[in-house]
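Heads up: the structure comes next, in structure tokens.
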There are 2 protein chains.
Amino acid sequence: MSTVFKALSDPTRRKVLELLRKGPHSAGELAEHFAVSKATMSSHFAVLREAGLVVSEKDGKQVIYHLRLSVLEDALLDFTRLFGWSLAPSAEDSPKGETHDETR
Amino acid sequence: MSTVFKALSDPTRRKVLELLRKGPHSAGELAEHFAVSKATMSSHFAVLREAGLVVSEKDGKQVIYHLRLSVLEDALLDFTRLFGWSLAPSAEDSPKGETHDETR
DNA sequence: GACTCGTTTCGACGTTTATCTAATTATCAA
DNA sequence: TTGATAATTAGATAAACGTCGAAACGAGTC
């Protein structure tokens with residue numbers, strides 16, 4: 001849980017997650033949205049990967065990142081429960097069908 | 001928002017928040033639950049205070065900390081909305097509509 | 001093979017974090 | 001005023017962080 005919140009504590013990483021919500025993207029595509037070096041982005045990806053929030057897949061020269069919504073949801077769910085809140089996927093778009101696919 | 005997630009990324013601080021959920025507590029009372037020095041706890045309190053998650057009040061020799069549920073809720077709400085989720089407070093009265101201004 | 005492209009790894013650097021002990025401030029009680 | 005108690009501040013240190021440029025790696029292409 002700490003690693004998830006840590007990952008979430010950086011605006012760049014939150015934005016990456018947000019971009020990934022629209023579907024898988026390559027490292028390069030994601031990096032285009034930010035004014036930092038590729039090396040820096042790569043290190044952000046590593047943080048997200050270690051938190052389990054994304055998974056990467058090699059495709060030729062590229063590395064494709066996928067969001068793992070379920071991990072994010074579980075972490076938030078565990079936490080919000082402590083405060084008597086309920087977190088629910090509000091019925092709507094799960095772009096590119098990556099809703100509750102468990103592949104660890 | 002970053003400061004909130006940053007504050008949440010430490011287990012000690014999350015536990016403090018959880019303890020505070022049961023009502024206001026003094027710095028000393030809170031510190032009793034952890035195996036670190038008072039000075040360290042004081043610094044954790046400062047992080048929580050700067051994130052707006054708690055407020056402190058002087059009472060004689062003691063300093064009483066209060067949880068500001070609304071700030072936590074707002075941050076989580078803003079974030080979860082990005083992912084199409086809904087966060088619902090179950091029963092808690094969100095006291096005082098003040099919105100802590102934070103922009104980092 | 002040699003070359004290029006996309007990405008990650010490798011140092012390096014300055015900043016921030018978590019932690020400690022010691023010192024300080026503020027308050028209350030004799 | 002002296003002493004005890006509660007909490008914060010000061011100063012130190014080791015580890016982690018965010019960042020970079022440069023080098024290295026892996027997969028295609030020539």
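Order of the sequence lines sets the chain letters (A, B, ...), proteins ahead of strands, with each chain counted from 1.
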Heavy atoms from C-beta onward define the side chain here; which of [options] lies closest to that of [X]?
X     : options                : result
A:K61 : C:dC28, C:dC5, C:dT8   : C:dC5
A:A39 : C:dC10, C:dT19, C:dG6  : C:dC10
B:K38 : D:dG18, C:dA26, D:dT8  : D:dT8
A:A27 : D:dT8, D:dG18, C:dT7   : C:dT7
B:K6  : C:dT27, C:dT17, C:dT8  : C:dT17
A:T40 : D:dC20, D:dT5, C:dG6   : D:dC20
B:D10 : C:dA18, D:dT19, D:dG18 : C:dA18

What is the distance, rounded to the nearest whole Å, between atom [atom1] of [X] and atom [atom2] of [N]?
X     : N      : atom1 : atom2 : value
A:E50 : D:dG18 : CD    : P     : 12 Å
B:Q62 : C:dA29 : CD    : P     : 12 Å
B:E32 : D:dT5  : CD    : C1'   : 14 Å
B:D59 : C:dA26 : CG    : P     : 17 Å
B:E57 : D:dA6  : CD    : C1'   : 15 Å
B:F45 : C:dT17 : CZ    : P     : 18 Å
A:F34 : D:dC20 : CZ    : P     : 13 Å
B:M41 : C:dT21 : CE    : P     : 15 Å

Determine: side-chain N/O of [X] to OP1/OP2 of [N], distance under 4.0 Å, yes or no.
X     : N      : value
B:H44 : C:dT19 : yes
A:S37 : D:dG21 : no
B:Y65 : D:dT8  : yes

- [ ] Give, for atom CE of A:M41 and atom CG of A:L48, the distance between the pair rounded to the nearest 0.5 Å.
- [x]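 The distance works out to 8.5 Å.
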
Task: B:L19 side, atom CG; B:L17 side, atom CG - distance, nearest 0.5 Å - done: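 B:L19 CG to B:L17 CG: 9.5 Å, rounded to 0.5 Å.
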
Open item on the list: Looking at every non-hydrogen atom in both residues, tell me the closest pair between A:L8 and A:R14 and how far apart they are.
Closed with: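 Looking at all heavy atoms of both residues, the shortest contact is O-NH1, 2.7 Å.
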
Task: A:I64 to A:P24 - nearest heavy-atom pair and separation - done: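 The answer is CG2-CB, 3.6 Å.
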
Open item on the list: Both B:S26 and A:S9 contact DNA chain D. Which one's nearest nucleotide lies toward the 5' end?
Closed with: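 Its nucleotide being nearer the 5' end, the pick is B:S26.
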
Task: Toward the 5' end of DNA chain D, by each residue's nearest nucleotide, B:V63 or A:R13 - done: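 Nearest-nucleotide comparison on DNA chain D picks B:V63.
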
TODO: Ignoring hydrogens and angles, tell me if any N or O in the side chain of B:S9 forms a donor-acceptor pair with the backbone of B:K6 under 3.5 Å.
DONE: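 Judged by distance alone, yes, a pair lies under 3.5 Å.
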
- [ ] Please work out whether the ring planes of B:Y65 and B:F45 are parallel, tilted or perpendicular, with thresholds of 30° and 60°.
- [x]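 Judged by the thresholds at 30° and 60°, the geometry between B:Y65 and B:F45 is tilted.
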
- [ ] Scan B:S43 against the nucleic acid and name what it touches under 4.0 Å (heavy atoms): base, sugar-phosphate only, or nothing.
- [x]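 The residue B:S43 makes base contact.
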
